[in-house]
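None of these values were measured; they are calculated from a predicted model. No hydrogens, no waters, no symmetry mates; every other heavy atom, side chains included, goes into these values.
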Amino acid sequence: MQSNWKLALAASAAWSVLAGQGYAQTTTPGTVEELVVTARRVEENLQTTPVAISAFSSETLQRQGATAITDLQGAVPNLNLVQGRASSNSTNIYIRGIGQPDALQTFDPAVGVYVDDVYYSRIRGTQFDLLDLARVEVLRGPQGTLYGKNTIGGALKLVSRQPDQTVRSQSSVSVGSYDLFEAKIALSGPVSDTLALGFAAMGSSRGGYVTDPVSGAEYNDKHTFSSRVALAWTPNDRLSVNASADYTKDKSGLSVGQAQNSLTSAFGPVLYPVPLAIPEYNFSTTTTPGLPNETRFEHWGAAVTVGYDLTDTLSLKSITAYRNLDSDDYIDFDATALQLTDALVAVDQDQVSEELQLAYNEGPWQVIGGLYYLKETVKSHQGAFANAYTAPFSFLRTVDDDLKTTSWAAYANASYALTEQLRLSAGVRYTNEEKKYARTTSTFSNLGALNGTFAFKAEETWDDVSPMVSLDYQAADDVFFYGRISKGFKSGGFNGRANAPGEEQPYAPETALSYEAGVKTELFDNRARANFTVFYNDYQDFQARVGHSVTSPTQPIPAIDFTVLNAGQLKIYGAELELAANPIQGLSLNAEVGYLNAEYGEFSEQRAAVAPATGFTNLDRSWQTPAFSPEWTGRVAGRYEWDLGDTGFVSVGAQARYRSEMALAIDNANLVTRARFPGIFQPSYWLYDAQIVWESSQRHVSAGIYGKNLADEVYKTDAQEFSSVGGIRTAYFGAPRTVMATVTLKY
């Protein structure tokens, strides 16, 4: 089957050479790239948008050799963007210390992910390959007064290239390390004066960079196919209709890591000893024999956007979308041959959304108002196998749950030009979310005391009003100041790991009040750009999953309690600097620096005491290190291009990316001694990438070699913390050194 898509896409790539003519360049030679963004739902120049935003055009992504959304890691200050733990299809996204790393279906994302203005309500299905994009935008800070679904931490926007009256074609074939083979094709153009069609597809296959020394099995591999069709119809000057449908299928092996802690049974004996000095990870591990080495993932959807100009100053837009996600993930939580905690997580999710937007633009006024509706259903079946944990007794726990979410919102945002240079903007959003949750947990064992079923149903509704106000000032043609205060909101929910009475209690919403000020400048006749931002976030009631085990004379094994609680307050402040310069013809330089100080103002947990007669004890966790909040992030990058005349162009580029020490889980230290768990921290590290690319004189053909992690740095990106179950702490690692060669044709 894989060879079929390889042949089909390779043939399409060859044919696309004949498909069209003319490919627009967007950058004036010798100046930094100018980008038009839609961060505020209208087209604006990046440099006059009063939001902290980083944007990347398709040309920039291609030059960097970026093939997946996670390749932007390091290019945006204070952004953490990595593959999710134990998953080939989820993404761990944190912006300025606010995020949600758990792919469990009952957790809502804290950073909104949008593809062509359609919200993706789970972090599953967001491990995007970059296919036929116009640009990527990363918005930092709450964005609720302009977006359909409130986004407490920020927004990641992917904007697809829309078909129009220009004929375009682009295709590429890549080969590389670990038997990588990847082919992409994108074709678009007019069918008539009013109708244009587009098609894009890709297939990617790569062997695993983690191997089993016993069986030879490969893990952390990739086998993905994606496609998209799009239609653009403009029957007259006032009406436009854009429709699209997409499909993604992934059938990769397990994503595994390395045990960071000694593993024990429920009765105390050590089953897997880990030395105090853990050896450097060598990308090999042995998983539980018999555990299927596969992930089955299908994700598809369709959307229709209709725009109509009611008058020359008033326009109406409707965005209607449906999405469906179906996945079976097998997970070896302990990353050893023990069946300590192995799991199947099967999820079936679908969502329907509708957004109506009215925009008014005349004179000093620019107003956008909208109504948003989302209906989501998530059903899952889970099975946890833990025979080694309860040995000599067997253990199987199954979970079947059903979550229904109904969300609707109304928002308005208005900007008024007080003078030609000074503009005031204000917005407000009302959100109402209702969640209905049903869950049944059943335990099966040949030890009768372990058997039982726990079921519950719950229903809650939350609402919120989130305001925003900003003031911006165009001090000169190339100097822009702004200040902004905004509130973000994420609704409450239910504990998707509740296994016993008392754990099913709902947790409350979380909020963030963000203060931000920045300056955006263009220097030396647009040969340089410098954008600087400072911010402070007051993050309240953030939702934290913590776990512990409790022993008692009547309990044959420790009772495992996974609690989701509202963990008080996080105080987060920092600064961001983004630099770009083209000092001489052919040379482009970039640098980004992020500083982040995140600490708990409050973090308390009420826990049942070991001795029942003493009631409850209150644990102070505020001394712990917030997760995924490195103090420093940075990148320096450079590219130089030689013009060889009729022979074409040759460019050489490189980048170095830095992250300071970072905690990889909320539970990251001993609650009694306060000693850190070293395996749950990643020390500071650098990554080095480089590429050399040849382009033809008309830039229709290019061939490049791209190297990533050239120093072969071994570094952690995420971690599982389930130490209440046999001491499980498992770290997941970034890819080792890889090299890729790509040939691209575009017309």
ask   = So, do F107 and K490 sit near enough that their side-chain heavy atoms are less than 4.5 Å apart?
value = no
query = Are more than 12 heavy atoms from other residues, nucleotides or ligands located less than 6.0 Å from atom NZ of K404?
reply = yes
ask   = In Å and rounded to the nearest 0.5 Å, what is the CD1 to CD1 distance from I93 to I98?
value = 13.5 Å
query = So, are R296 and D328 salt-bridged, with charged N and O less than 4.0 Å apart?
reply = yes
message = For a quick test of reading the model, state the closest non-hydrogen atom pair linking S380 to V347 and the distance between them.
response = CB-CG2, 4.1 Å
inquiry  = Looking at every heavy atom in both Q73 and L79, which two are closest together, and how far apart are they?
reply    = OE1-O, 3.3 Å
Validation row, ring centre F444 to ring centre F385 under 6.0 Å = no
ask   = Would a distance-only check, ignoring hydrogens and angles, find a side-chain to backbone donor-acceptor pair under 3.5 Å from Y272 to N261?
value = no
ask   = Can you check whether S318's main-chain N or O pairs, donor with acceptor, with E354's side chain at less than 3.5 Å?
value = no
ask   = Hey, does the side chain of N220 reach the backbone of V256 with a donor-acceptor pair shorter than 3.5 angstrom?
value = yes
inquiry  = Give me the atom names and distance for the closest heavy-atom approach of N566 to P509.
reply    = ND2-O, 3.7 Å
message = Nearest 0.5 Å, please: how far is CG in D102 from OG in S87?
response = 11.0 Å
query = Can any side-chain N or O of E510 pair as donor or acceptor with the backbone N or O of Q543 at less than 3.5 Å?
reply = yes
key: N-O pairing of K435 and E460 below 4.0 Å   = no
ask   = Would S622 and E602 count as having a side-chain donor-acceptor pair, cut-off 3.5 Å?
value = no
inquiry  = Check this for me, if you would: do D117 and K157 make a salt bridge, where the nitrogen-to-carboxylate-oxygen distance has to be below 4.0 angstrom?
reply    = yes
Pairing of R85 and E721 as salt bridge, 4.0 angstrom limit = no
ask   = For N451 and T443, does a side-chain donor sit closer than 3.5 Å to a side-chain acceptor?
value = no
query = Does one side chain, of D116 or S160, offer a donor that lies under 3.5 Å from an acceptor on the other?
reply = yes
task = Using a 4.5 Å cut-off on heavy atoms from C-beta on, say whether the side chain of L254 contacts that of Y330.
result = yes
request  = Taking atom NZ of K375 as the centre, report whether more than 12 heavy atoms of other residues, nucleotides or ligands fall under 6.0 Å from it.
outcome  = yes
task = On the 0 to 90° scale, with breaks at 30° and 60°, tag the Y94-F628 ring pair as parallel, tilted or perpendicular.
result = tilted
request  = State the OH-CG distance between Y732 and D718, to the nearest 0.5 angstrom.
outcome  = 8.0 Å
inquiry  = I need the T511 OG1 to N537 CG distance, nearest 0.5 Å.
reply    = 11.0 Å
query = For the side chain of Q351 and the backbone of Y119, is there at least one donor-acceptor N/O pair under 3.5 Å apart?
reply = yes
task = Compute whether any side-chain donor of one residue and acceptor of the other, for S407 and E433, lie under 3.5 angstrom apart.
result = yes
remark   = All heavy atoms of W462 vs all of S491, minimum pair found to be CE3-CB, 4.3 Å
task = For N324 and D350, test the side chains for any donor-to-acceptor distance below 3.5 angstrom and give the result as yes or no.
result = no
ask   = Short question: side chain of D221, backbone of G253 - any donor-acceptor pair under 3.5 Å?
value = yes
query = In terms of side-chain heavy atoms, does Y600 have a donor or acceptor partner in Q624 at a distance below 3.5 Å?
reply = no
task = Answer yes when D402 and K436 have at least one side-chain N-carboxylate O distance shorter than 4.0 Å, and no when they do not.
result = no
request  = Indicate whether the side chain of Q349 and that of S121 have a donor and an acceptor atom separated by less than 3.5 Å.
outcome  = yes
task = Inspect the contact between E376 and R122 and indicate whether a charged nitrogen and a carboxylate oxygen are less than 4.0 angstrom apart.
result = yes
query = Does the ring centre of F456 sit less than 6.0 Å away from the ring centre of Y437?
reply = yes
Verdict with supporting geometry, D538 and Q540, side chain to side chain donor-acceptor pair (under 3.5 Å) = CA-CA 6 Å; D538 184 2; Q540 297 281 351; 3.0 Å; yes
task = Identify the two heavy atoms, one from T717 and one from V82, that lie closest to each other, and give their separation to 0.1 Å.
result = O-CG2, 3.8 Å
inquiry  = Can a donor-acceptor pair be found, under 3.5 Å and without considering hydrogens, that links the side chain of N668 to the backbone of A665?
reply    = yes
query = Regarding N89 and Q127, is there a side-chain donor-to-acceptor distance under 3.5 Å anywhere?
reply = no
request  = Scan side-chain atoms only and decide if T336 and D334 contain a donor-acceptor pair under the 3.5 Å cut-off.
outcome  = yes
query = How many angstroms lie between CG in D250 and CZ in F225, if you round to the nearest 0.5 Å?
reply = 13.0 Å
Any T461 side-chain heavy atom under 4.5 Å of N432 side chain = yes
query = Any sub-3.5 Å donor-acceptor pair from N446's side-chain atoms to S394's backbone N or O?
reply = yes
ask   = After noting the C-alpha distance and the side-chain angles of R621 and D667, does the key distance pass the salt bridge (Lys or Arg N to Asp or Glu O under 4.0 Å) rule?
value = CA-CA 9 Å; R621 290 173 170 262; D667 275 326; 2.3 Å; yes
query = Between Y120 and F128, is the ring centre distance below 6.0 Å?
reply = yes
task = Using only heavy-atom distances, determine whether the side chains of T126 and R124 contain a donor-acceptor pair under 3.5 Å.
result = no
query = Which distance, rounded to the nearest 0.5 Å, do you find between the CG of L340 and the CG of D332?
reply = 9.0 Å
ask   = Is it the case that D129 and S226 place a side-chain donor and acceptor less than 3.5 Å from each other?
value = no
key: Short side-chain to backbone donor-acceptor contact, T390 and F393, under 3.5 Å   = yes
task = Of all the heavy-atom pairs spanning I572 and A598, show the shortest one and how long it is.
result = CG1-CB, 4.0 Å
query = Quick one: do the S442 and T453 side chains pair a donor with an acceptor below 3.5 Å?
reply = yes
query = For Q339 and Y389, does a side-chain donor sit closer than 3.5 Å to a side-chain acceptor?
reply = no
query = Is a side-chain N or O of R439 found less than 3.5 angstrom from the main chain of A498, in a donor-acceptor match?
reply = yes
